[in-house]
Amino acid sequence: MDNLYFKYLEMAGSHERVDLRSYKRQGIDIVPTVHMGSAVTQMERRGVKTDMGNLNRDIREANATIQSLQNYITDLCDWRNALLNQSTRIFTQGNMKQELSRLESSVSNIRRILSMKESRMKDITAIEQAVPAIRKYKAVHDKYTSIGWKPRKQKFAEEHKSELNAYSRAEQNLRRLGLSPDIPVDLKRLKDEYKKLESEATGLRNRPEEAQSELKMLRNVKYLPEKDMDLEQRQSVVERLDNAKEDDARDRDKTDRKKKESWEIGI
């Protein structure tokens, strides 16, 4: 099949190539979008939002977020290794401040991405709670709206006040999230998305804490002369970094032991 594509691309004078393998088989760590079909595609082109279109937009946003995070983490790890392992590196007060600023920016970005994922998880939870209520009370709501005679309508509303209020709250929550109670929602897809977000969020929650540890070590040595240091001074800086790292590890171990002791005595 690949050869057939290549044949027609060459006939058209195009240098583009097509790889029919899945992203997973290609080793590309992104989530594929779903096929919308001609009918849904036409609706999207006319500006009509659809569940399938919303899903693909969420997937593209998630892929962009993941790629941005991966780039930040890669840069952070590369810088950390260079800082801790290269004893010949020269630091001044000026470039130390730049490194501190960069690391603080990375921490802020990780927290921003984590906040986005947690916000989406809350939205999914709200949808999962609203959809069953819509399904359960739709018949009551439809009957209420079909009644034309005002006294009878008021009586029906009083008799079914709790059901109508539950439907109204669920409808408002769906519309707030850009969904309509008349359009079916794929709860299984949302459940799978929630699990994926939860896994990613769990991996992110420790990142700011780890980066703060690096910041603590850097702040221990940031007040350096505004000039290049000789070999003895550079070795001293590396020793201070190593000592700060060991102190931080001891502090974490001490905190973990206290937590474990608290759990064992039932606090």
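For reference, positions follow the sequence shown, starting with 1.
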Between [Y] and [X], is there a salt bridge with N-O shorter than 4.0 Å?
{"X": "Glu200", "Y": "Lys196", "result": "yes"}
{"X": "Arg189", "Y": "Asp51", "result": "no"}
{"X": "Asp192", "Y": "Lys188", "result": "yes"}

#### Entry: Criterion side-chain contact (heavy atoms from CB on, under 4.5 Å) against Tyr144, the qualifying member of Glu159, His160, Glu163, Lys153
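Going through Glu159, His160, Glu163, Lys153 one by one, the side-chain contact (heavy atoms from CB on, under 4.5 Å) with Tyr144 is satisfied by Lys153 alone.
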[X] side chain to [Y] main-chain N or O, any donor-acceptor pair under 3.5 Å?
{"X": "Thr145", "Y": "Asp142", "result": "yes"}
{"X": "Ser68", "Y": "Ala64", "result": "no"}
{"X": "Thr65", "Y": "Glu61", "result": "yes"}

Hey, any chance [X] and [Y] share a hydrophobic cluster, counting ILVMFWY side chains that come within less than 4.5 Å of each other, even indirectly?
{"X": "Ile66", "Y": "Ile113", "result": "no"}
{"X": "Ile59", "Y": "Val40", "result": "yes"}
{"X": "Ile134", "Y": "Ile124", "result": "yes"}
{"X": "Met121", "Y": "Leu187", "result": "yes"}
{"X": "Met116", "Y": "Leu114", "result": "no"}

Looking only at non-hydrogen atoms, find the nearest pair between [X] and [Y] and report the distance.
{"X": "Val185", "Y": "Arg135", "result": "O-NH2, 3.8 Å"}
{"X": "Gly37", "Y": "Thr41", "result": "O-OG1, 2.7 Å"}
{"X": "Ala201", "Y": "Lys117", "result": "N-CD, 4.4 Å"}
{"X": "Ala133", "Y": "Ala170", "result": "CB-CB, 3.8 Å"}
{"X": "Leu177", "Y": "Ala126", "result": "CD1-CB, 4.2 Å"}
{"X": "Met36", "Y": "Gly53", "result": "SD-CA, 3.9 Å"}

### Task
Measure from NZ or CZ of Lys138 to the centre of the six-membered ring of Tyr167 and say whether it is under 6.0 Å with the direction within 45° of the ring axis.
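Relative to the ring axis of Tyr167, which defines the angle, Lys138 lies outside at least one limit.
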### Working for side-chain contact (heavy atoms from CB on, under 4.5 Å), residues Arg176 and Asp123
CA-CA 10 Å; Arg176 176 178 59 83; Asp123 288 346; 4.2 Å; yes
### Task
Decide whether Arg57 and Asn54 meet the rule of one side-chain donor and one side-chain acceptor closer than 3.5 Å.
yes
Return the [atom1] to [atom2] distance between [X] and [Y], rounded to the nearest 0.5 Å.
{"X": "Trp149", "Y": "Lys155", "atom1": "CH2", "atom2": "NZ", "result": "9.0 Å"}
{"X": "Leu55", "Y": "Met52", "atom1": "CG", "atom2": "CE", "result": "7.0 Å"}
{"X": "Leu190", "Y": "Ile127", "atom1": "CG", "atom2": "CD1", "result": "5.0 Å"}

Quick one: are [X] and [Y] in side-chain contact, heavy atoms under 4.5 Å?
{"X": "Asn56", "Y": "Glu44", "value": "no"}
{"X": "Lys122", "Y": "Thr125", "value": "no"}
{"X": "Glu193", "Y": "Arg120", "value": "yes"}
{"X": "Ser168", "Y": "His141", "value": "no"}

### Task
Please test Asn109 against Arg112 for side chain to side chain donor-acceptor pair (under 3.5 Å), starting from the C-alpha separation and ending with a verdict.
CA-CA 5 Å; Asn109 187 67; Arg112 179 182 63 82; 2.7 Å; yes
### Task
May I have the step-by-step check of side-chain contact (heavy atoms from CB on, under 4.5 Å) for Leu204 and Leu69, ending in yes or no?
CA-CA 10 Å; Leu204 287 174; Leu69 178 61; 3.0 Å; yes
